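Report on one structure; see the data block that follows.
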Amino acid sequence: MGEALTKSAQWTAASSGTGTLEITPLNEAILKEIIMFVESFIYKHPKEAKYVFVEPLEWNTSLDLSAFGSGYVVSETTAKSEEVDKNGQPLLFLSVPQIKIRSFWQLSHFLFMAKDVKLTEAQACIEANRDPVAKILGSEYNTMKEDATALNILDKITKDDDPEIETKIKIAMLLKQLDLHLLNHSLKHISLEIRLNPVPVKKDIELLQRFSGKGEQTVLESIEYTSDYEFSNGCRAPPWRQIRGEMCYVVVKPHDVETLCITCSAEGVFLNGGKTDDEGDIDYERKGEIYKDLVTFLTEKSAKFSENMSKHAIDFKEQQKETDQLGEAAKEEAGKLQKAISGSDKKTLEKNQINFVKNPMAKRLEPSLNWKVTVDYKDRKSSVKDSQEEKRGAKTESRRSSVPAGRAQLLRKSVERIEEIVSDSSSESEEDEETPDHRQEANADLPSEYWQIQKLVKYLKGGNQTATVIALCSMRDFNLAQETCQLAIRDVGGLEVLINLLDTDEVKCKIGSLKIMKEISHNPQIRRNIVDLGGLPIMVNILDSPHKSLKCLAAETIANVAKFRRARQVVRKHGGITRLVALLDCAQNSAEPAQSSLYEARDVEVARCGALALWSCSKSYANKEAIRKAGGIPLLARLLKTSHENMLIPVVGTLQECASEESYRAAIKAERIIENLVKNLSSENEQLQEHCAMAIYQCAEDEETRDLVRLHGGLKPLASLLNNTDNKERLAAVTGAVWKCSISKENVTKFREYKAIETLVGLLTDQPEEVLVNVVGALGECCQEYKNRVIVRRCGGIQPLVNLLVGINQALLVNVTKAVGACAVDPESMAIIDRLDGVRLLWSLLKNPHPDVKASAAWALCPCIENAKDAGEMVRSFVGGLELVVNLLKSDNKEVLASVCAAITNIAKDKENLAVITDHGVVPLLSKLANTNNDQLRRHLAEAISRCCMWGRNRVAFGENKAVAPLVRYLKSNDTNVHRATAQALYQLSEDADNCIIMHENGAVKLLLAMVGSPDQELQEAAAGCISNIRRLALATEKARYT
Amino acid sequence: MNRKKLQKLTDTLTKNCKHFNTFEVTCLIKLFYNLVGEGIERQGTAIGLDRNAFRNILHVTFGMTDDMIMDRVFRGFDKDNDGCVSVTEWINGLSLFLRGSLEEKMKYCFEVFDLNGDGFISKEEMFHMLKNSLLKQPSEEDPDEGIKDLVEITLKKMDHDHDGKLSFADYEQAVREETLLLEAFGPCLPDPKSQMEFEAQVFKDPNDFNDM
């Protein structure tokens, strides 16, 4: 925070050292930001919060001893914390009125205790500690001294591997970020302010002088400068005041009030202390608020002025017009200032960057036996990723000069990465992470509810349990689903009270409080506030309570709050997952107590709420693991056997969420969950059907699971649900399940029986993309079989499929190309595709930026070229098409390469086209790919080479481009497809004598001899042909030698 | 008291009390005589717990603090208004206290809150019961302002027929909507925690009563 404090904060006149912060909106904003940072520190960085400062922060506090509660030893004039450092010194020591604090934890707590006087305390602290960073981290981290320090620190990191240094670095970086944040923040404030400069001020005064004088009609009695001397820059203030931005001082005598002595400074116009007794001297200290210009100031101060001013308004405005242009100049100046600041931002950013690059390295140097191999591996991976990110970051920086916010975020992300990747690296989608906080405007028109809620919160704070319960019940009468009410509760400090109530022993108060929080936590902002205020750990503790209804409410509230990652992490870290899983067990003790107490809920309800909370939590990867470890899967499986819909939905929801993990899919299979999922597909409840279908969709990646779905009769309900197209979410889930299930041939046969294929074709039009992706995916799988291709053609499915080729959704395009490719295997269907210009569309998809789409399109082109009539002519008709294909051989994606090789194989069947692609340099490009270990690529590459040999001197060219030797090595692969293709390629290449020599040198003969014995006829033939060519050459040489 | 008489007493009480079984009734009778203690010796006067002894139990065992409410609870127990809680009243009272259904408790609570017994909880009665429920704020001009407001809030919440006072019907409807309002004007039932402790202690071991 050093820089922000020195540069932006507005210190008062007195010389530095003992200066005080002025009460300006900017300073207040800065202080508030600092308070927020410190308060959230213990939640965000609990480890760093324990760090003991090098020097304590000392200041005179106004806080009373009575404010110190548990955790502090309070005597008559002193208070000290029970928490001590390693030397036994307390981390907080108060000897009225001086206080010394030595850790963020204490600092944060202190602010918490300070409640209403937070701001003044923070101000006093900052005033007394002009460079807090140096005190916290030691003088070598002093940010005020600028630069070079970063390097010093770097040296340190590489030399030491002291964990304390590491903590220090972390804190230093956090403080840096805060600094940056504050600078940005203050920039916003500054840019809002209009900076005055001498010329318009002078004009204003001149104008006012013109309208001043004796009489009722004038605006003022008089307005005069205090000094007649004008400096060359237009200012009249003495030079030592000009440094502070002051330009001139005027004495104004309005009609109706006392004489005013006013300072005009760059920041604005304000009342000063007036003339002192010594002639000519002025008390420069500010005595009132700052106004944006003289006219506003005087309008505020003198009623007569504003009255007469309105009469002269038009006159005055016109005169002022010319001064407007000068205002433009002022704006420009502000712009310059902004640039200067963002420049300094950049510098700090770069520094941070250097810091960080070193950071993970230092970490890895640590000799720590505790680190498991896997973790270490992940760590390394993350650092690789980081360096990539670094690169990317550098690029963007060169392009855009000032994007501090985005970059800062990037940095913060990478700082957190290491712990993140170990704990919480799920692929979840964040629906509401860190949305900007909208506080209600203090002066905006507040609804009446606001005041009523404020009153109720007052009673909550100051009432005994009876009054509290009444207030809580009354608060529930407000429409808590409405955002105004939700935010009102927060803005009047109600959330803190509600959370505090959870910490009491009063069951009724807890119930009432949770009932409210359960409702308002539907609001994303409130969720974050609850987490920030530390509400989650308390709720997690309540899960252990003997009162079932309390458990239920706490679990339901957690279910609402845990909608974003940080919250889910907190739940897990406080042992919430284990407790929630324990709730699931409740429903098993079927012996409900004979008499249930007044506030009690039923066991089933408890389990339901537990499942609800787990559902929310299961969106984080680490939580899925935690649920599994806590033994959640068997319990969920057991709950799945009930028939209560509202129980089944969260249970299936959780399972569906978790099924993204391999371990879960295995467990789901083992626990015989599929059976129940299938059963619930036939439920009445649409949401339940949706989640079941979704879970099947996730699990059916696995072949055995697909079989299980069929064996339990799940395909029929799935097929019949396809006919229900009103609920799009459900339709998407069902089609997804159908898609994945149809990967198995037996399932496809069943689907054909149930007429699902016809239905699927019907779904190709007028559906949202999520549905289309799945429908097309399913059709792509179905069309692998001849019978189904016929059905699709007969139902007119080809036209809509081809139409979908023009989409932009990547997943959809991958599936559509696959489906079209599958259809193209059928010559009759191919004719339709050709007529619809489908091949051209496929071809143009080769230009799609996404490699998956490219590859899929290239694969689909193969059967098209194979089955089209006049394929050669068709291909040639695409202008630039062949060049495009050849150039795709420069891709670095293996799948794209393999598919393009396959396409080239088909293209090269036509001699003319082969000639064209040869001209485009297909031979060297193919040769370059020869050194690969990927069997799929090898196979298609060998096929392509074998085809391309058929033209001109391509055989020789392949030899020259060193493609032969690697090809020989392909024969050592384990894949017969590779063998066949390679043998054919070698056979073609062996027509050239030089190639024969290379093959012989690389030991091809022995390998080929083995292939001759293969059961694969084509392979046999090619191998034999190749050997014969080599042999013939040998014979010829011998012959030549002896004749 | 001899064994036979005790047996007979236990039988009658068990028959009349729907929430306790014989064992529990026996335990509670024993507890009662333990608490009454020397009271037995003063023959002639009614045997039972007088107001102070009873209030002491409420305070120590069930953690109640509000004087007025405790008085009202005593009256709730002391059905025949003779100034002391007899063994029958003790068993019947505790039956409701510990095991009562929502209906029974509503009826009991309403009687407790209806200070003058006219079948309505009036604004004045509410004010009386709530007057100590708010922290006095020195800044406020009228210290009772908050209480008055609280009474209004309560009326708004519970007075369904808008006649400015709570009838039993009003009260019943409000409690059925929100169980938390059962003890709207002060705790007159044991809180779940002390109830559990009490039951655990009393019904655990018949020989352990001397500790009470």
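Quantities reported herein were computed from a predicted structural model and do not represent experimental measurements. Numbers restart at 1 for each chain; the letters A, B, ... are given by sequence-line order, proteins then strands.
Heavy-atom neighbours of Lys118(A) NZ from other residues, nucleotides or ligands within 6.0 Å: above the threshold of 12. Within a 6.0 Å sphere centred on NZ of Lys123(B), heavy atoms belonging to other residues, nucleotides or ligands number 12 at most. Residue Arg51(B) places its CZ atom among more than 12 non-hydrogen atoms of other residues, nucleotides or ligands, all under 6.0 Å distant.
One distance of note links OH of Tyr459(A) with CD1 of Ile147(B); it measures 8.0 Å at 0.5 Å rounding. Note that NZ of Lys508(A) is 7.5 Å distant from CG of Leu189(B), once rounded to the nearest 0.5 Å. Note that CD of Gln452(A) and CD1 of Ile153(B) are 9.0 Å apart. Values are rounded to the nearest 0.5 Å. Separating the CG atom in Leu130(B) from the OG1 atom in Thr466(A) is a distance of 7.0 Å, to the nearest 0.5 Å. Taking CZ of Arg476(A) as the start and CD of Glu177(B) as the end, the distance is 10.0 Å to the nearest 0.5 Å. To the nearest 0.5 Å, atoms OG (Ser474(A)) and NZ (Lys157(B)) are separated by 7.0 Å.
Heavy atoms of Leu472(A) lying under 4.5 Å from chain B are absent altogether. Proximity to chain B is absent for every atom of Glu506(A), based on heavy atoms less than 4.5 angstrom apart. Contacts between Lys461(A) and chain B at a heavy-atom distance below 4.5 Å are absent for every atom of the residue.
Top candidate by heavy-atom pairs under 4.5 Å with chain B, chosen from Thr468(A), Asp505(A), Val469(A), Asp477(A), is Asp477(A).
When each of Ile511(A), Ile470(A), Val507(A) is tested with Leu180(B) by the rule side-chain contact (heavy atoms from CB on, under 4.5 Å), just one qualifies, namely Ile511(A).
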